[in-house]
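These numbers come from the heavy atoms of this one structure, side chains and all, not from hydrogens, waters or symmetry mates. Values in this document were obtained by computation on a predicted structure and should not be read as measured data. Residue numbers begin at 1 in each chain, while the letters A, B, ... track the order of the sequences.
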Protein chains: 2
Amino acid sequence: MSPKSTNKPKSASRQKTSPTAKTNTSKSSKKEEAILSIGAYLIEKLQEYGIRDVFGIPGDFVLQFYAQLEESPIRVIGTTREDCAGYAADAYARVNGMGAVCVTYCVGGLSLCNSIAGAYSEKSPVVVISGAPGMEERRNDPLLHHRVRDFNTQREVFEKITVAHAALEDPLTAFREIDRCFAAAARYKRPVYLELPRDRVNAKPLTPHHPQSEEYFSDPQALAASIEEAAERLSLAKKPVVIAGVEVHRFGLRETLLKLIEKHSIPVSATLLGKSVISERHPLYLGIYEGAMGREAVTKYVEESDCVLLAGTFMTDINLGIYTAHLDPQKCIYATSEQLRIGYHHFHDVRLDDFLEHLADEKMKIVKRPMPKPPAKPAAFKAVEDQPVTTKRLFQRINELLVDNMVVVADVGDSLFGASDLIIHQHTEFLSPAYYTSMGFAIPAALGVQVANEKLRPIVLVGDGAFQMTCLELSTILRHHFNPIVVVLNNKGYTTERFLHEGPFNDILDWKYHRMPDLLGGGWGFEVNTESELDQALKASLNNEDKFSLLNVHLQPHDISSALTRLAEKMSKTI
Amino acid sequence: MSPKSTNKPKSASRQKTSPTAKTNTSKSSKKEEAILSIGAYLIEKLQEYGIRDVFGIPGDFVLQFYAQLEESPIRVIGTTREDCAGYAADAYARVNGMGAVCVTYCVGGLSLCNSIAGAYSEKSPVVVISGAPGMEERRNDPLLHHRVRDFNTQREVFEKITVAHAALEDPLTAFREIDRCFAAAARYKRPVYLELPRDRVNAKPLTPHHPQSEEYFSDPQALAASIEEAAERLSLAKKPVVIAGVEVHRFGLRETLLKLIEKHSIPVSATLLGKSVISERHPLYLGIYEGAMGREAVTKYVEESDCVLLAGTFMTDINLGIYTAHLDPQKCIYATSEQLRIGYHHFHDVRLDDFLEHLADEKMKIVKRPMPKPPAKPAAFKAVEDQPVTTKRLFQRINELLVDNMVVVADVGDSLFGASDLIIHQHTEFLSPAYYTSMGFAIPAALGVQVANEKLRPIVLVGDGAFQMTCLELSTILRHHFNPIVVVLNNKGYTTERFLHEGPFNDILDWKYHRMPDLLGGGWGFEVNTESELDQALKASLNNEDKFSLLNVHLQPHDISSALTRLAEKMSKTI
């Protein structure tokens, strides 16, 4: 996966915000101009934004559009549940630049709420398309099946969890609304919602539709002033540092950031949500910065800095190590797509991409300082025969497994915390709901990754609690012959919660997770108790190239990763 | 299950709308008056409304309240997913009178949207309790994990799918808000939403809380006028008939309705959603009325009637056989909790219970007319060796299985349509999302049924598509040693949709459903191809008294039930 191709969605750059504008304008001078139906235009738009696959489940209110999708070049990926379709589309968007999900009315759409809310939280642009009752059949306000309060209920719900929404009820406005929503998804990197009544799928406008560009620009003076001030701070700083956040990935700015740090030799760390936004083997890379949860050397280096450039970073509680981070705002340059703040100076109307690009081009003198020592490279993992597997050793072993085409997909809990210490290679990826932290993300996300790029091989790290929520999406993975390696951290319950408040509600049933292939009729399962079993199972998994592999790794209920141990120690000192 | 105990929730009758009022008033005259915290009061309220069990999954924003629940007499039933907790609470409410679910913020709550929307649609009173970030920690509007847009997002979403909602942020108003929401759930039989910030669980009011009654009454004159008019119509009618709907069950009016029909010898049918609202072996019972989908004799009898009393009936598309029903409004008395309409006369301010009770007591002369012949009792099912099972024969066999303690729980699709022909015994139940029609209801609903009353034994009828959505809730069923008999109608895809629009998106992976016990570590699985295998498996299942039994019944992809055949025939004639 080259960052260039995956991080720069076709629609993300300014030149392409309204990709159809030129085409249609040039077409309009010709004699004949094809007039597309709403459904056909929607399909065209999906393709223009680089969406080749749509996740979802059909239902009667969306069957007409499904039939249209089926005849288009777009591939429809049926999942077992709608929420899984949402997670998969989210992961697809993270890899591909934009994703889409298509479901039926209410029973489908309302099942998406949580996964789409997660995509909103973590800025993943997912286009939600929902079928709806036809306008004609709504006239006398009948009690059609799937209806909740009135026919607006679902739209009103999605208004709360998307950045733009439209009900495509009238061909007069539907086409503009489609343009507006796609543009919003590309600009804000958040989900959008389009509701398509079933009797409007084939509706056409009276006149051909000509998309309008919705371009937006930085204020040149504000941009120049911010660059001057930022460059001065970085030049004067004795120990500048960058904290790279997930927006660098979302807005396709990885190359820009690399240019900035390499040209000026600025060391760089990343947040947990932004993990792998630059290669973790890059010589300027410090490690994950996450307050007390991170490695002490990284925390110390960042917090001693006299100029911290936070590039596309969300200041979430988890990114900040549950508020154990200490960053002085006066010393920070905080640049995101939503705001630009240098010390206590707020700048408006400066685009993140403009800011980083101009800053990278700016001439600065940066004082070179020694980097913190990288963590001692762990000795090669030698499996100890009959030694029960611990969480710490499990992550050590997985770290050795990582090769260039592997994507680590971490679910919530210690799967995530432990994974923060993994060293992600160049050109690889790390996906996790590290801010919204919705359990059950990982398995359907692995599906989304491989639908987006079949050559990427996911290593899925998932706790038993999260696994029980969405594991059945392995069915869809099996159907498409994808080959993720799924590691179930089976600690018999909600272990992270045990540290907050122990109680019987944290216990769950101990399934024979490795028997999943018996239920689904395919895939490979391994039961792992000891280090040598772990070693063997992982080696065998690497050879299972056309099916999923699943390791049921037995762990003690109170055994936790090094990262969670660090956090627990720090928190106990604070309280 | 006696209708009296299960259909009359403790809080449903007018006398008990505000059950604490008397107690607290009498207490207040004493010297000491206990001041409860918000959390403790919520728990007290749950118990007062007859809720003994709460479904859900813990999370950090709700752990404090979980700890309080754990110490209370209320049993916490942990499920594998939140949406399943919602379905289970809905089914629990249908059996018990009211149900509750308790989850964490956003990742938990937003996962409930679909199942709570279904409870709203079908009038099932579920109390949703969600944890939330503490008020203190929200001050500087931080990016706390699980947050979507702002701290109001989840509340605003639930505003759309509940009948009352409150954020218990201030102890000054929290207690009244709790009273108001519980009263609304009892009155409207719809879900309500209570959001409890984690630093308010132990908050106490300055002065003791004295609940106010929120009683509402019928207008005596409007009531008298409506009774007079209805009685006259029924008396003059040559062929009166009642269509009983689900509200008769929800409002605990089964005995009242029985009195009305028995005293006046009025034949009665039921809607699909209201199926089993009166015993289907009652001599006055005609069968399910659902337009072309129903048995022709029933449809004819009802549609030839010159006075149809629709009692607590929703006029939904499915209840009306996808609008193949023909009812002349001029000949109808339409009485629900929301409106009373006699012919074209609308009456306001008449309670459904008052109307039915007064009507039952009214003196009327009803002309006795012959009942339609009951359907020919099918000959005893004799399994044909090596004969592949068909949908029709499957339902015939299941019909024989039904005994008094059995509850039929039907999922959506042909499981529901086919089940409409089953004959539900006296004192038994039929549960199905027959209006909202959300796939995946049945398995978690079976859990809810047995949590509400362990002696009820669910027969779960579920298609393979629906089964794939929520089957893992068998885990919770196994954990509690419940014994539903689950029949998977394995027709390899979304068969009902195949009749609307065939396409590859209707195909799903054919799992080894009967291997589910291998994954979960318990339960019994049977693979069924032939009638003799069906017979053996059902007999064996009846003997599995402390574990679930699961039958993977192989059916042809286009094989459908008699009811769906009837509908398809009628629809093809109409179009």
Among B/L500, B/D317, B/T104, B/T476, which residue forms the greatest number of heavy-atom pairs with chain A at distances under 4.5 Å? B/D317
With chain A as the partner, which of B/G118, B/A434, B/C84, B/P504 has the greatest number of non-hydrogen pairs under 4.5 Å? B/P504
So which of A/G56, A/G522, A/A67, A/G503 has the biggest tally of heavy-atom pairs under 4.5 Å with chain B? A/A67
Heavy-atom cut-off 4.5 Å, strictly under: side chain, backbone, both or neither for A/I77 against chain B? neither
Counting heavy-atom pairs under 4.5 angstrom with chain B, the leader among A/G109, A/G78, A/A117 is A/A117
What residue in A/Q154, A/M439, A/R479, A/R190 has the most heavy-atom pairs under 4.5 Å with chain B? A/R479
Chain B contact via A/F158 - side chain, backbone, both or neither, heavy atoms under 4.5 Å: neither
Smallest heavy-atom separation, B/L520 atom then A/L509 atom, equals O-CD2, 4.0 Å
Among A/E159, A/Q64, A/M469, who wins on heavy-atom pairs under 4.5 Å with chain B? A/M469
Side chain of B/R149, backbone of A/T162: donor and acceptor closer than 3.5 Å? yes
For A/Y436 and B/V148: C-alpha separation, side-chain torsions, deciding distance, then whether side-chain contact (heavy atoms from CB on, under 4.5 Å) applies. CA-CA 8 Å; A/Y436 189 62; B/V148 188; 3.8 Å; yes
For B/I116, is it the side chain, the backbone, both, or neither that has a heavy atom closer than 4.5 Å to a heavy atom of chain A? neither
Contact part of A/T79 toward chain B, heavy-atom cut-off under 4.5 Å: side chain, backbone, both or neither? backbone
One option among B/I57, B/V76, B/D60 has the most heavy-atom pairs under 4.5 Å with chain A, and it is B/I57
Report which part of B/D83 has an atom under 4.5 Å of a heavy atom belonging to chain A: side chain, backbone, both, or neither. side chain
Between chain A and each of B/S115, B/S111, B/G521, B/P433, count heavy-atom pairs under 4.5 Å; write down the option with the most. B/S111
Heavy atoms only, distances under 4.5 angstrom: which of A/R147, A/E502, A/M516 has the most pairs with chain B? Name it, please. A/R147
Hey, mind stepping through B/L63 and A/Y494 against side-chain contact (heavy atoms from CB on, under 4.5 Å) and telling me if it holds? CA-CA 12 Å; B/L63 276 176; A/Y494 307 130; over 6 Å; no
Highest number of heavy-atom pairs under 4.5 Å with chain B: which of A/D150, A/L519, A/T316? A/L519
Please step through side-chain contact (heavy atoms from CB on, under 4.5 Å) for the pair B/T437 and A/H146, ending with a clear verdict. CA-CA 6 Å; B/T437 52; A/H146 299 345; 2.9 Å; yes
Donor-acceptor pair, side chain of B/R81 and main chain of A/Q468, under 3.5 angstrom: no
Could you tell me which residues satisfy salt bridge (Lys or Arg N to Asp or Glu O under 4.0 Å) with B/D518, sequence neighbours excluded, listed by chain and number? A/R515, B/R515
Check whether A/Y120 gets within reach of chain B through its side chain, its backbone, both or neither, counting any heavy atom under 4.5 Å. side chain
Looking at every heavy atom in both A/Y435 and B/H145, which two are closest together, and how far apart are they? O-CB, 3.1 Å
Heavy-atom contact with chain B under 4.5 Å, split by part of A/V412: neither
Specify the closest pair of heavy atoms between B/E497 and A/G59, including all atoms of both residues, with the distance to one decimal. OE2-CA, 3.0 Å
Closest contact, heavy atoms only, A/L143 versus B/F314: CD1-CB, 4.2 Å
Could you look at A/L112 and say if it's the side chain, the backbone, both or neither that has a heavy atom under 4.5 Å from chain B? neither
What one should report as the nearest heavy-atom pair of B/W511 and A/S475 is NE1-OG, 2.9 Å
The complete set of salt bridge (charged side-chain N to carboxylate O under 4.0 Å, His left out) pairs with one or both residues in residues 503-513 of chain A, sequence neighbours excluded, reads A/R498-A/D507
Identify which of B/I508, B/T496, B/L472, B/N152 forms the greatest number of heavy-atom pairs closer than 4.5 Å to chain A. B/L472
For the backbone of A/L110 and the side chain of B/N114, can you confirm whether one donor and one acceptor N or O come within less than 3.5 Å of each other? no
